[in-house]
Q: 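Got a structure here, written out as structure tokens. Questions coming.
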There are 2 protein chains.
Amino acid sequence: MPNNNKKTQRPIMALLDLLGQKWVLRIIWELREAPLTFRALRERCDQISPTVLNQRLSLLRDAGLVELTEEGYQPTRPCQELGPILMQLSDWSKTWQNARKD
Amino acid sequence: MPNNNKKTQRPIMALLDLLGQKWVLRIIWELREAPLTFRALRERCDQISPTVLNQRLSLLRDAGLVELTEEGYQPTRPCQELGPILMQLSDWSKTWQNARKD
DNA sequence: TTTCTTGCTACATATTATGTAGCGCACTTA
DNA sequence: TAAGTGCGCTACATAATATGTAGCAAGAAA
């Protein structure tokens, strides 16, 4: 699914590629509050298959966004800075859904 | 790929489901500046297959995020509000990529 | 030893994306 | 009239990904 294009060199493209993979945004979202074990994370993500969960976690670890500590998986410092942006997305999604009801 | 879970009722979950689909973020990103025809959009998205492009555009139209006008495909008002958030993502991605170089 | 729980892997099956060709329509140009 | 051009989009065979279930190996606790 990732993209080996030249354009992918541009940071935003790399990011869109990464976040555009199934479950990636959801995983980051679920880790936003507290560390979660592999199995707990699975449950939060609608029992996502462990195969894919592991693929995504490897990817996120390689990207320096997530790390495995003794308390479980958790976002790294840089990834925590993504938090506020995700909250904005969350806020936006509410007004979007309200608008959809017409 | 979309999710028919109860949780998907929550706006943020619906949004994460939507944006987490391959090409969706990229399409929104490419439409941020000016309207693009189906074919122009294809080129911008690394010649994405027309099958998938159409599926995603249908999805985005149903979601009220994109519309087809005489000038081509373009984001709706609500979707344009997403723009600043995406720009923040873009900014964040730059520092993220710099940090990655260590 | 036995019993938990951990992160994670194997593998057969189902779902989704890719890539290419081209259709039907509208509009322009000869 | 006829031929060309560009449009949104579809068909379809092939390749890449995800799903779901079972279970392994390692560590901690009893």
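Residue numbers begin at 1 in each chain, while the letters A, B, ... track the order of the sequences.
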Q: For A:F38 and B:Q55, take the nucleotide of DNA chain C holding the closest heavy atom to each; which residue's nucleotide lies nearer the 5' end?
A: A:F38
Q: Not counting sequence neighbours, which residues clear ring pair (Phe, Tyr, Trp, His ring centres under 6.0 Å) with B:W96? List them please.
A: B:W92
Q: Specify the separation, in whole Å, of atom CD1 of A:I27 and atom P of D:dA18.
A: 11 Å
Q: Just the rounded figure in Å: distance from P of C:dT16 to CG of B:N54.
A: 16 Å
Q: Would you give the length of the straight line joining atom CD1 of A:I27 to atom CG of A:L36, rounded to the nearest 0.5 angstrom?
A: 11.0 Å
Q: If I take atom CG from residue A:L59 and atom CH2 from residue A:W23, how far apart are they, to the nearest 0.5 angstrom?
A: 16.0 Å
Q: Round to the nearest Å and state the distance from A:E71 atom CD to C:dT5 atom C1'.
A: 17 Å
Q: Let me know the distance between CD of A:E43 and P of C:dT6, rounded to the nearest Å.
A: 9 Å
Q: In whole angstroms, how far is the C1' atom of C:dT18 from the CZ atom of B:R56?
A: 12 Å
Q: Return the value, rounded to whole Å, for the distance between atom CG of A:L53 and atom C1' of D:dT19.
A: 13 Å
Q: My understanding is that only residues two or more places apart in sequence, or in another chain, count here; which of them pass side-chain contact (heavy atoms from CB on, under 4.5 Å) with A:R39?
A: A:T37
Q: List the protein contact pattern of nucleotides 20-29 of chain D with one symbol per nucleotide (5' to 3'): B for base contact, S for sugar-phosphate-only contact, - for none; contact means a heavy-atom distance under 4.0 Å.
A: BBB-------
Q: Does OP1 or OP2 of C:dT18 have a side-chain N or O of B:K22 closer than 4.0 Å?
A: yes
Q: Kindly confirm or rule out a cation-pi arrangement of A:R32 over A:W29, judged by NZ or CZ under 6.0 Å from the six-membered ring centre and within 45° of its axis?
A: yes
Q: Roughly, in whole Å, what's the span from CD in B:E70 to C1' in D:dG8?
A: 14 Å
Q: If every non-hydrogen atom of B:Y73 is compared with every non-hydrogen atom of B:V66, which pair is closest and at what distance?
A: CD2-CG1, 3.7 Å
Q: Taking only N and O in the side chain of A:R61, is any of them less than 4.0 Å away from OP1 or OP2 of C:dG7?
A: no
Q: Whole Å only: how far is the CG atom of B:L59 from the P atom of C:dA17?
A: 10 Å
Q: Quick one: closest heavy-atom pair of B:I12 and A:S90, and the distance?
A: CD1-CA, 3.6 Å
Q: State whether B:W23 places a side-chain N or O below 4.0 Å from either non-bridging phosphate oxygen (OP1 or OP2) of C:dT16.
A: no
